[in-house]
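Everything below concerns the one structure shown next.
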Amino acid sequence: MQEAHSNKHPNDFDDEIDLRELFYVLLEGKWIIVSLTAFVSIIGVIYSLLLPNIYESKAMLAPVNSSSGISGALGSYSGLAGLAGISLPTGGDEGNSVKAIQKISSLSFFENHILVNIHLPDLMALKSWNSITNSLVFDDSIYDTNKKTWIRDYSYPQQQIPSAQESFQVFKSEHLLLSEDKKSGFITLSIKHQSPFIARQWVELVVNEINAFYRQKDKLESEKAVSYLNQQILMNSLSEIKEVLAQLLQEETKKLTLIEANDYYVFDYIDPPAVMEKKSEPNRALIWILSALFGGMLSAVLVFIRHYVAKQKAT
């Protein structure tokens, strides 16, 4: 038993990694490691320098519930109207901010409210931004600036002029950032672009359009409710029902007044967007560090493989 135990230890030592051997292998291949690491680092630096500067304009928004009190009042009066046999089509706006967050990220909102208000080449054909002249340079292989025509190569399902769906995918994946703080309810809306001026412009466009969309939607619903109530007043002869309907009409008229009076109907600014002076990306220092680490690990692996392949051939 003792002999079997003593025979076990040489194999165990043979299987263990000899740290001194690894150190000498790395030392012998130091010039390979240094050269390959330097080469990969240079590639990383060149790549980072070729990347355009991206600026991010942010706006912090707070939900606005301007007519929540009126909506509640209409709800209570609606119960009275129900007792009188009247079905009141109320247009309460509670939840507009919740729905608006999803609406901003939808294709229909982009197509009907964003796409029609921006210069499409700014989104789909941009090459660079000249900070000195504050001018945009477009990719000549995609868009002819002189003729103002699209000349890009495309294949189905793409079209010569980028479609709303294609443009939406680029806008949502590369430019739009939307997040909500569940505790405070505040929303952060960000737009990334090579031009800091366009980044701010698009943030303001999104906020203005989403406010206008729900203002118009609630206005139409309230106008229908007012028309409905006026019809019901003319159709009913009972004074009690007319009194209830008159109160409902008064509250709905108040709601219409608030809809017209509020500039920021769904979202108001806590912190408006700004033209940023400093870029948000790329992080060129981080790219260089990661490329150097990758080059170092790759070269070390190659040195070990080279050593053990030579060792296997020698045995």
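Small disclaimer: the values here were computed from a predicted structure and weren't measured. What you see below is based on every heavy atom in this structure, not just the backbone, and it leaves out hydrogens, waters and symmetry mates.
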Backbone of [Y] reached by a side-chain donor or acceptor of [X] within 3.5 Å:
| X | Y | answer |
| --- | --- | --- |
| Ser227 | Lys224 | no |
| His119 | Pro121 | no |
| Ser291 | Trp288 | yes |
| Glu180 | Thr188 | no |
| Asn211 | Phe267 | yes |
| Asp268 | Tyr264 | no |
| His175 | Ala199 | no |
| Asp139 | Leu126 | no |
| Arg152 | Ser141 | no |

[X] atom [atom1], over 12 foreign heavy atoms within 6.0 Å:
| X | atom1 | answer |
| --- | --- | --- |
| Phe138 | CZ | yes |
| Tyr24 | OH | no |
| Lys127 | NZ | no |
| Asp181 | CG | yes |
| Gln160 | CD | yes |

Not counting sequence neighbours, which residues clear side-chain contact (heavy atoms from CB on, under 4.5 Å) with Glu28? List them please.
none
Compare every heavy atom of [Y] with every heavy atom of [X], then report the nearest pair and how far apart it is.
| X | Y | result |
| --- | --- | --- |
| Lys278 | Tyr55 | O-CD2, 3.6 Å |
| Phe109 | Lys103 | CB-O, 3.1 Å |
| Val203 | Ser57 | CG2-O, 3.4 Å |
| Val266 | Ser97 | CG1-CA, 3.7 Å |
| Glu204 | Pro273 | CG-CG, 3.7 Å |

Any non-hydrogen side-chain atom of [X] less than 4.5 Å from a side-chain atom of [Y]?
| X | Y | value |
| --- | --- | --- |
| Ser128 | Pro52 | no |
| Asp122 | Leu136 | yes |
| Gln216 | Leu220 | yes |

Could you state the interatomic distance from [atom1] ([X]) to [atom2] ([Y]), rounded to the nearest 0.5 Å?
| X | Y | atom1 | atom2 | result |
| --- | --- | --- | --- | --- |
| Lys217 | Ser222 | NZ | OG | 10.0 Å |
| Leu290 | Asn283 | CG | CG | 9.0 Å |
| Gln165 | Gln159 | CD | CD | 9.0 Å |
| Ser131 | Gln194 | OG | CD | 11.5 Å |
| Ser280 | His193 | OG | NE2 | 12.5 Å |
| Ser173 | Phe168 | OG | CZ | 9.5 Å |

Check for me, please, whether [X] and [Y] land in the same ILVMFWY cluster - side-chain distances under 4.5 Å, paths through other members count.
| X | Y | answer |
| --- | --- | --- |
| Val207 | Val275 | yes |
| Leu177 | Phe171 | no |
| Val303 | Phe294 | no |
| Met124 | Val137 | no |
| Leu189 | Tyr269 | yes |

Answer yes if the ring centres of His113 and Phe213 are under 6.0 angstrom apart, and no otherwise.
yes
Fellow cluster residues of [X], listed by chain then number, with links counted only when side-chain atoms sit under 4.5 Å apart:
| X | result |
| --- | --- |
| Phe186 | Met60, Ile270 |
| Val301 | Ile305, Val309 |
| Ile54 | none |

Is it true that Tyr265 and Asn96 share a donor-acceptor pair across their side chains at a distance under 3.5 Å?
no
With no hydrogens and no angle check, do the side chains of Trp129 and Asn134 hold a donor and an acceptor under 3.5 Å apart?
yes
Given side chain to side chain contact (heavy atoms under 4.5 Å, CB included), test Ile142 with Ile151 step by step and report yes or no.
CA-CA 5 Å; Ile142 299 176; Ile151 56 174; 5.9 Å; no
Determine, stepwise, if the pair Leu120 / Ile161 fulfils side chain to side chain contact (heavy atoms under 4.5 Å, CB included).
CA-CA 9 Å; Leu120 187 55; Ile161 300 176; 4.1 Å; yes
Per the side-chain contact (heavy atoms from CB on, under 4.5 Å) rule, which among Leu205, Val206, Asn208 passes with Asn117?
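Per the side-chain contact (heavy atoms from CB on, under 4.5 Å) rule, the option paired with Asn117 is Leu205, out of Leu205, Val206, Asn208.
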Knowing that exactly one of Leu115, Leu176, Val116 qualifies, which makes a side-chain contact (heavy atoms from CB on, under 4.5 Å) with Phe110?
Leu115
Does the pair Glu56 and Met276 meet the rule for a side chain to side chain contact (heavy atoms under 4.5 Å, CB included), with working shown?
CA-CA 7 Å; Glu56 183 178 8; Met276 303 306 295; 5.8 Å; no
Only distances under 3.5 Å count here; give the side-chain donor-acceptor pairs of residues 33-51 to other protein atoms, sequence neighbours excluded, each with its distance to 0.1 Å.
from  : atom 1 : to     : atom 2 : distance (Å)
Ser35 : OG     : Trp31  : O      : 2.6
Thr37 : OG1    : Ile33  : O      : 2.6
Thr37 : OG1    : Gly296 : N      : 3.4
Ser41 : OG     : Thr37  : O      : 2.7
Ser48 : OG     : Gly44  : O      : 3.4
Ser48 : OG     : Val45  : O      : 2.7

Decide side chain to side chain contact (heavy atoms under 4.5 Å, CB included) for Ser105 and Leu178; before the verdict, give the C-alpha distance in whole Å, the side-chain angles of both, and the deciding distance to 0.1 Å.
CA-CA 8 Å; Ser105 301; Leu178 190 63; 3.9 Å; yes
Return the set of residues passing salt bridge (Lys or Arg N to Asp or Glu O under 4.0 Å) with Glu281 (not counting sequence neighbours), or none when no residue passes.
Lys192
